[in-house]
Amino acid sequence: MHRDHPTDEFGAPRATAPTELSGGRRRALRIGLGGPVGSGKTATVAALCRALRAELSLAVVTNDIYTTEDAEFLLRHAVLPPERITAVETGCCPHTAIRDDISANLEAVEELEASVGPLDLVLLESGGDNLTATFSRGLVDAQIFVIDVAGGDKIPRKGGPGVSGSDLLVVNKTDLAPLVGADLAVMARDAKAQRGELPTLFCSLAEPDGVAPIAGWVREQLARWRAH
Amino acid sequence: MSGALLLLADGRFPAGGHAHSGGVEVAVRAGLVKDADSLAAFLTGRLHTTGLTAAGLAAAAADGFDPTGLDEAADARTPSPALRATSRRLGRQLLRAARACWPDPVLDGLAAAHPGGAHQSVVLGLAARAAGLAPAEAALAAAHESVNGPATACTRLLGLDPYQVVAVLARLAPELDTVADAATRAAAEAVRRQDAWPLPAASAPLLDLFAERHSAWKVRLFAS
């Protein structure tokens with residue numbers, strides 16, 4: 001996202017969430033991860049935690065659809081201590097909780113800041129949803145949209161707010177491309193057409209250090225966040 | 001009728017209610033609510049118990065009754081620990097939205113005095129007051145909310161015909177007015193005496209039990 005521009009191309013403010021805590025300290029950078037069911041959002045969050053936890057103070061908020069499955073996955077794999085992971089329940093409407101009524105998620109983020117802070121980075125994972133789900137600018141500072149090659153190589157062409165407007169598009173499971181007949185070149189071309197200058201990363205989280213490009217992008221966001 | 005009331009009572013007002021079922025998720029699982037008729041019975045019961053109690057607290061808050069005393073009165077009227085926690089959490093979420101809409105030192109003071117959240121019905125009444133609404137309007141908003149949220153949740157849980165559900169709500173509308181009237185009169189009496197005891201204390205023990213059971217569920221669609 002273009003943090004140096006306070007408004008977007010329509011003149012609307014880019015970041016509406018207050019950026020300072022009551023003590024005057026800058027709050028943690030908040031990054032949202034959205035995308036369809038099964039594309040690898042939780043795996044991305046887990047891999048990011050493992051890659052970044054030694055250098056950053058991290059916390060995670062999950063928005064499961066009807067269980068605490070995602071939070072439990074993160075706990076079971078011990079990517080972070082349990083007190084750094086909070087699950088928000090969304091009443092059958094995961095997109096409402098990250099976009100239209102963000103109050104429960106804001107509460108969760110603020111409680112994490114208060115209980116285990118100071119934090120450098122909070123990752124907010126949306127419940128798996130459809131291609132129109134995006135995070136409110138009042139909740140996150142940047143958002144990653146995670147799709148995968150097995151969901152069909154037409155997804156970038158179909159576009160939608162997540163594919164075309166997210167700050168980072170991740171195309172996961174590239175290792176499966178030959179098996180499902182997905183053409184990565186077509187996906188890259190379509191993503192470019194939808195996204196213009198916004199970045200797209202192709203990765204396979206199943207491979208060792210497959211998350212490295214995403215972790216690098218997150219570090220860049222954090223450097224920009226801290227520079228302002 | 002006031003524009004601010006419509007805004008405050010709108011189901012899309014971003015105050016966290018969309019993730020709560022008001023006990024209907026347990027009632028559906030128990031087979032007690034299964035169609036439009038049983039939903040109507042559930043909502044009628046909810047309106048005349050927790051709805052009436054919430055409306056009284058909201059009206060008293062809007063009428064200038066001391067919020068701390070009202071918050072204690074709300075605790076006394078909420079025996080279930082799970083429902084207390086839910087009410088305070090929703091109160092905090094509502095306060096966030098209300099302060100954005102109607103900046104008011106009273107709302108700031110409430111947030112400072114109750115960092116863990118004041119009861120939702122008390123916040124609703126103070127939000128209504130900050131919006132320039134009358135106690136009767138605060139009571140009506142509380143009564144409306146006591147049935148509207150669970151009805152929406154039921155549409156999602158059972159896939160009921162939305163026209164049947166909205167017709168149930170329409171048939172309940174006159175009863176909402178009656179409940180809001182009773183709550184407003186009781187609130188005026190409480191304010192006159194400077195004592196919370198005249199406020200309605202109608203309870204629904206089954207909803208209390210449902211809430212406790214629900215909070216222990218592993219798999220659920222709604223937060224309460």
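Throughout, a chain's letter reflects where its sequence line sits, starting with A, and its residues are numbered from 1.
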message: Tell me which pairs pass side chain to side chain donor-acceptor pair (under 3.5 Å) where either residue lies in residues 56-74 of chain B, with sequence neighbours left out.
response: B/D71-B/R88

Taking all non-hydrogen atoms of both residues, which atom of [X] and which atom of [Y] are closest, and how far apart?
X      : Y      : result
A/E89  : B/A19  : O-CB, 3.5 Å
A/D100 : B/P14  : O-CB, 3.7 Å
A/S103 : B/A15  : OG-C, 3.7 Å
B/G17  : A/D101 : N-OD2, 4.1 Å

Identify all side-chain donor-acceptor contacts of residues 103-110 of chain B below 3.5 Å with residues at least two apart in sequence or on another chain.
| unit_1 | atom_1 | unit_2 | atom_2 | d |
| --- | --- | --- | --- | --- |
| B/D104 | OD1 | B/V106 | N | 2.6 |
| B/D108 | OD1 | B/R99 | NE | 3.1 |
| B/D108 | OD1 | B/R99 | NH2 | 3.2 |

Top contributor to chain A contacts, counting heavy-atom pairs under 4.5 Å, from B/H18, B/E25, B/H20: B/H18

- request: Name the member of B/S21, B/A223, B/A153 that forms the most heavy-atom pairs with chain A at distances under 4.5 Å.
  value: B/A223

Chain A contact via B/R92 - side chain, backbone, both or neither, heavy atoms under 4.5 Å: both

- request: Identify which part of B/A97 has an atom lying under 4.5 Å from any heavy atom of chain A, answering side chain, backbone, both or neither.
  value: neither

